[in-house]
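These notes concern the structure reproduced below.
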Amino acid sequence: MKTVLLMAVLLFSPLSFAQSLYQQLGEQQGIETIVEEMLYRVGGDERIAHHFDGVDIMRVHKLISEQVCDLSGGPCDYSGEDMKTSHRNMGVDNADFNALVEHLIAAMEKEDVPVSAQNQLLGVLAPMHGDIVEE
Ligand code: HEM
């Protein structure tokens, strides 16, 4: 009886309903949609679109989706380059970085990602700033 009670308490405790960041981003499908929407907006932003001239955007979409899935606790292993290597000599500055983050937030808003989950993802990406921004 005690065990049954304990199980019932665990089952209905708020903890049981806590979702991982990966789940809150909508898992694989949600993440791919968010990254697609972000890259679409980046492509239309004249402040930063030039950085992507001649870039294989399907490949970048696949890699960023994989990276976000990996970092948010999903069942993925990021297979791309590290952030310092992949952004070397690109001349990305603070404003460029902020512009991309702006599009990421807009994409998450569009997909109805809760604000707390948005902030969690931004918190995971923020430490990459130093490896991506060069100026
Ligand atoms: C939190 C911010 C960012 C994240 C998480 C991120 C992530 C990535 C990833 C995973 C790749 C693929 C790496 C590889 O090639 O193996 C990539 C490539 C790239 N990123 Fe970023 N990035 C960020 C910010 C930026 C910014 C601000 C810009 C410029 C405005 C930028 C421009 C590019 C470009 C042009 C490539 C393609 C490089 C190539 O294929 O030659 N990224 N990024």
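Counting from 1, the numbers follow the sequence of the chain as shown. Just so you know, these numbers use all the heavy atoms, side chains as well, and skip hydrogens, waters and symmetry mates. Only a predicted model underlies this, so the values are computations on that prediction, with no experimental measurement involved. Counting convention: from 1, in listed order, for ligands and their atoms alike.
No side-chain heavy atom of Glu102 sits under 4.5 Å from any side-chain heavy atom of Ile105. Two residues are said to be in side-chain contact when any heavy atoms from C-beta on lie closer than 4.5 Å; Glu32 and Lys62 fail this criterion.
Each protein N/O/S atom under 2.8 Å from atom 21 (Fe) of ligand 1 was counted, for a total of 1.
Taking atom 13 (C) of ligand 1 as the reference point, the nearest protein heavy-atom neighbour is Tyr78 OH, 3.4 Å. Protein heavy atom at the shortest distance from atom 41 (O) of ligand 1 is Val55 CG2, 4.5 Å. Closest to atom 12 (C) of ligand 1 among all protein heavy atoms lies Leu63 CD1, 3.8 Å. Nearest to atom 16 (O) of ligand 1 among the protein's heavy atoms is Glu81 N, 2.8 Å. Ranking the protein heavy atoms by distance from atom 32 (C) of ligand 1 puts Phe52 CZ, 3.3 Å first. What sits closest to atom 35 (C) of ligand 1 on the protein, heavy atoms only, is His51 O, 3.2 Å.
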Indicate every side-chain donor-acceptor pair of residues 116-132 with a distance under 3.5 Å to a residue at least two apart or in another chain.
from   : atom 1 : to     : atom 2 : distance (Å)
Gln118 : NE2    : Glu109 : OE2    : 3.0
Gln118 : NE2    : Val113 : O      : 2.9
His129 : NE2    : Asn94  : OD1    : 2.7

Expected list for residues 70-77: side-chain donor-acceptor pairs under 3.5 angstrom, two or more places apart:
from  : atom 1 : to    : atom 2 : distance (Å)
Asp70 : OD2    : Tyr78 : N      : 2.9
Ser72 : OG     : Val68 : O      : 2.8
Ser72 : OG     : Cys69 : O      : 3.2

Would you tabulate the side-chain donor-acceptor contacts of residues 38-45 under 3.5 Å, counting partners in other chains and residues two or more places apart, or write 'none'?
from  : atom 1 : to     : atom 2 : distance (Å)
Arg41 : NE     : Glu37  : OE2    : 2.8
Arg41 : NH2    : Glu37  : OE2    : 3.1
Asp45 : OD1    : Arg47  : N      : 2.9
Asp45 : OD1    : Arg47  : NE     : 3.0
Asp45 : OD2    : Arg47  : NE     : 3.2
Asp45 : OD2    : Arg47  : NH2    : 2.7
Asp45 : OD2    : His103 : NE2    : 2.7

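Remark: Thr33 OG1 to Met108 CE distance equals 13.5 Å, nearest 0.5 Å. Atom CD of residue Glu36 and atom CD1 of residue Ile64 lie 12.5 Å apart, to the nearest 0.5 angstrom. In this structure, Gln19 CD and Glu27 CD are separated by 8.0 Å, a value rounded to the nearest 0.5 Å. To the nearest 0.5 Å, atoms CG (Leu100) and CG (Leu104) are separated by 7.0 Å. To the nearest 0.5 Å, the span separating CD on Glu111 from CD on Gln29 amounts to 9.5 Å.
Under the 4.5 Å side-chain heavy-atom criterion for ILVMFWY residues, a single connected hydrophobic cluster contains both Val55 and Leu63.
Less than 4.0 angstrom separates some heavy atom of Met128 from each of these atoms of ligand 1: 5 (C). Listed by atom number, the atoms of ligand 1 under 4.0 Å from Met90 heavy atoms are 32 (C), 33 (C), 34 (C), 35 (C), 36 (C), 38 (C). Near Gly80, the atoms of ligand 1 lying under 4.0 angstrom from a non-hydrogen atom of the residue are 16 (O).
The distance criterion of under 3.5 Å between nitrogen or oxygen atoms is not met by Gln67 with respect to ligand 1. At a 3.5 angstrom cut-off on N or O pairs, Arg59 counts as close to ligand 1.
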